[in-house]
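Beneath this line is the structure, given in structure tokens, with notes to follow.
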Amino acid sequence: MTSSDAFISIRNVNKFFGGFQAIDDVSMDIGKGEFFSLLGASGCGKTTLLRMLAGFESTSSGEILIDGQPTADVPPHHRPVNMVFQSYAIFPHLNVRDNIAYGLRKQRLPKAKRQEMVEEMLDLIKLPGYGTRKANELSGGQRQRIALARALILRPKVLLLDEPLGALDKQLREQMQLELRALQRQVGITFVFVTHDQEEALTLSDRIAVMSGGKVLQVDTPHGLYEAPRTREVASFIGNMNFFPATVRRNGASAGAVETEGLGTIPVPLDILTKPDGAPVQVALRPEKFALSDTRPDGALAVQARLSTSAYLGERSHHYVTIDGREEPVAVSTPNLHRLAGDDAGTGAPVWLSWTPESIVILDAE
Amino acid sequence: MTETSVQTSAAEPAAKPVSRLERLLYRSEALRGYLLMSPTLLIMTIGIIVPFLILVTMSLWTRDGFSFDATLTIANYLRVWNEPIFGALLRRSFWISGVATVATVVLCYPMAYYVAFHVHRNKMMWIILMTLPFWTSYLLRVFAWKVILGYEGVINSGLQGLGMIEEPLSFLLYSKSAVIITLAHAWAAFAILPLYVSLEKIDKSLLEAATDLGDGPVARFWRITFPLSMPGIIAASFLIFIPTTGDYITPALLGGPDGAMIGNFIQLQFGAVNNWPMGATLSIVLMLWIAAIALVFLFITRQAERRVS
């Protein structure tokens with residue numbers, strides 16, 4: 001994304017709370033209509049960044065532009081953004097209709113028009129007929145939807161969501177994820193979504209910014225983050241990853257390879273080898289990129305291994321295998337494709353561990 | 001493994017016999033509740049209901065020279081209804097304590113608000129500091145106001161010293177305003193605490209949500225903070241209005257003839273006038289009026305709340 005078509009532009013933003021730096025030189029651009037997630041562990045600065053977009057926190061230095069307008073001097077109640085709070089912040093003394101219509105006061109609409117807009121919103125969030133319910137008669141999922149409707153009714157340029165699904169149970173959360181995504185496509189508003197749940201971020205987002213210690217580690221599509229992480233930190237934050245120390249081997253200009261500890265020498269195309277011959281690198285492989293078999297598979301790269309532990313999870317099984325020349329066990333995840341699969345031989349059984357050269361990621365050495 | 005479990009179960013002490021009372025208590029929550037309340041309940045019965053019944057009975061007696069005529073009659077009630085002095089005194093009492101209540105709540109609200117929203121450390125210390133004046137005796141505080149408001153008092157001599165007034169301001173002491181000022185100060189702690197508790201309870205994210213939805217600070221206060229602090233305002237109003245209506249110390253010391261309240265009159269009946277039945281009647285009439293006013297006040301706030309939501 002180039003900064004010319006950016007809808008939200010965050011430029012070299014820093015934030016200090018006393019001596020503590022919550023945001024460390026963050027720059028990123030978010031496009032119009034994008035579902036953009038800020039992902040990171042708690043305390044990584046993602047919520048602070050969101051609150052800066054909303055106007056509840058100021059920037060210590062740097063600049064935030066929304067739709068080309070600088071925001072530094074705009075108080076939160078004049079910004080074209082609305083927020084869905086983690087606690088939902090449903091006004092307890094108002095009923096559902098008045099909660100949803102809360103922000104319409106300034107528009108001075110006739111009562112009938114306002115009523116109509118509220119009914120439209122209730123239909124959109126699939127709670128028709130709930131207008132006169134009291135705030136304390138609502139379930140968690142309903143409160144979440146009403147918080148969403150209350151913000152969306154104002155047609156904000158950007159909707160900010162602060163871990164809105166965190167308080168819901170697993171099933172409801174998965175259902176709300178789908179609904180949220182569909183809703184975003186329907187209304188076409190730019191969503192900035194904060195979460196610590198990587199699965200949720202992968203499911204929902206067009207692009208994700210992975211944050212840690214106030215810094216942005218990588219901004220990418222879910223596919224890009226998962227399949228081509230740029231650092232070990234990103235690789236291990238999104239999903240699981242096995243890391244193998246390795247050395248670059250260039251055989252002239254035609255072929256390249258990495259010589260790994262444990263997996264032997266793996267041929268790789270020259271264009272993904274950026275380092276010179278002999279340079280130390282890391283080879284990263286996700287657990288599901290491995291396969292296990294009793295006999296050596298034809299054509300694939302494989303090493304002899306021993307099964308250490310297995311856990312049966314229904315659709316998949318997770319294993320740890322040990323290989324010669326490596327102390328740390330290798331994590332392997334295999335799909336249980338037929339009924340007898342996963343009912344494995346016990347600990348210590350010899351297996352063949354195989355993979356394809358395309359599935360490896362080469363990272364800089366630590 | 002099996003062996004140990006067998007051993008432990010064998011070593012377990014036999015279940016203690018449970019008495020009938022224990023079983024009854026375990027089963028009935030209401031009984032447990034009454035048991036917990038029983039000391040208070042006992043004191044309430046003996047200390048409040050019995051004297052109240054005595055008061056009701058006495059209000060139906062009449063004075064007969066220096067003693068009382070114990071034949072039951074509503075003559076006293078008729079007198080209170082017919083003679084304008086009683087109505088006037090009641091109205092004045094309600095006016096004075098009503099104004100004092102409103103003044104106290106209005107003056108204490110900003111203090112409670114400040115501690116609830118803008119103090120982040122040592123909140124308890126702030127609350128204690130605010131209630132510090134109330135550690136001295138009520139009587140002492142009333143006398144202190146006499147010193148402040150008097151003809152030679154702090155305010156008058158200060159203003160005279162500055163050359164802003166020629167003569168001492170006579171309306172300061174021995175007037176309704178003196179009573180109102182003193183009551184407002186004397187009962188401040190009873191307003192600050194409930195107001196603080198109700199404000200402190202307000203979820204800060206509600207205020208942020210209101211701001212986010214386009215409310216400036218003033219609109220946010222009237223649409224969120226104020227309605228949500230209503231329970232505190234009601235509690236504070238009752239806590240001040242009810243006891244101040246019957247107060248007689250402050251009006252006796254600071255009110256003068258113009259600031260006398262129904263409490264002073266009741267005290268007179270039980271003292272110098274020696275008409276205990278009339279005093280009892282006035283006490284009961286006052287009680288009924290307070291109950292009526294409290295009910296109307298509650299009804300109005302309920303309606304207002306319903307209109308808001």
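Just so it is clear: chains get the letters A, B, ... in the order the sequence lines come, proteins before strands, and each one is counted from 1.
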Over 12 non-hydrogen atoms of neighbours within 6.0 angstrom of CZ in A:Phe56 = yes

Q | Sub-4.5 Å side-chain heavy-atom contact between A:Arg51 and B:Glu208 | A | yes

Okay, A:Tyr102 and chain B: the region with an atom under 4.5 Å from a heavy atom over there is both

*asked:* Can you confirm whether B:Tyr109 is buried at OH, in the sense that more than 12 heavy atoms of other residues, nucleotides or ligands lie under 6.0 Å from that atom?
replied: yes

What one should report as the nearest heavy-atom pair of B:Ala219 and A:Arg105 is CB-NH2, 3.4 Å

- Query: Is the shortest heavy-atom distance from the side chain of A:His77 to the side chain of B:Asp215 under 4.5 Å?
  - Reply: no

Is the count of non-hydrogen atoms from other residues, nucleotides or ligands lying under 6.0 Å from A:Asp169 atom CG greater than 12?
yes

Can you find a pair of side-chain heavy atoms, one from A:His93 and one from B:Met230, that are under 4.5 Å apart?
no

Turns out that what part of B:Leu228 lies under 4.5 Å from chain A's heavy atoms comes down to side chain

What do you reckon, is CZ of A:Arg108 surrounded by more than 12 foreign heavy atoms closer than 6.0 Å? no

Among A:His78, A:Lys106, A:Gln86, A:Arg97, the residue with the most heavy-atom pairs under 4.5 Å to chain B is A:Lys106

ask   = Would the number of heavy atoms belonging to other residues, nucleotides or ligands and lying under 6.0 Å from OH of B:Tyr26 be above 12?
value = no

Check your understanding: More than 12 heavy atoms of other residues, nucleotides or ligands under 6.0 Å from CZ of B:Arg32: is that the case?
Key -> yes

Residue from A:Pro75, A:Pro92, A:Ala54 scoring the most non-hydrogen pairs under 4.5 Å with chain B is A:Pro92

The interface call for A:Arg79 against chain B, heavy-atom contacts under 4.5 Å, is neither

Note: A:Ala151 and B:Leu213 closest approach over all heavy atoms is CA-CD2, 4.4 Å

On a heavy-atom basis, the closest approach of B:Asp212 and A:Val81 is OD1-O, 3.8 Å

Practice problem: State whether the number of non-hydrogen atoms from other residues, nucleotides or ligands found under 6.0 Å of B:Phe297 atom CZ is greater than 12. | Solution: yes

Within a strict 4.5 Å, meaning less than it, do heavy atoms of the B:Arg223 and A:Leu94 side chains meet? no

Turns out that what part of A:Leu104 lies under 4.5 Å from chain B's heavy atoms comes down to neither

Under 4.5 Å to a heavy atom of chain B? For A:Phe85 that would be side chain

Whatever's closer than 4.5 Å to a heavy atom in chain A on B:Asp203 counts as side chain

Would you say CE of B:Met125 has more than 12 non-hydrogen atoms from neighbouring residues, nucleotides or ligands within 6.0 angstrom? yes

Rounded to the nearest 0.5 angstrom, the CZ-CG distance for A:Phe91 and B:Leu207 is 8.5 Å

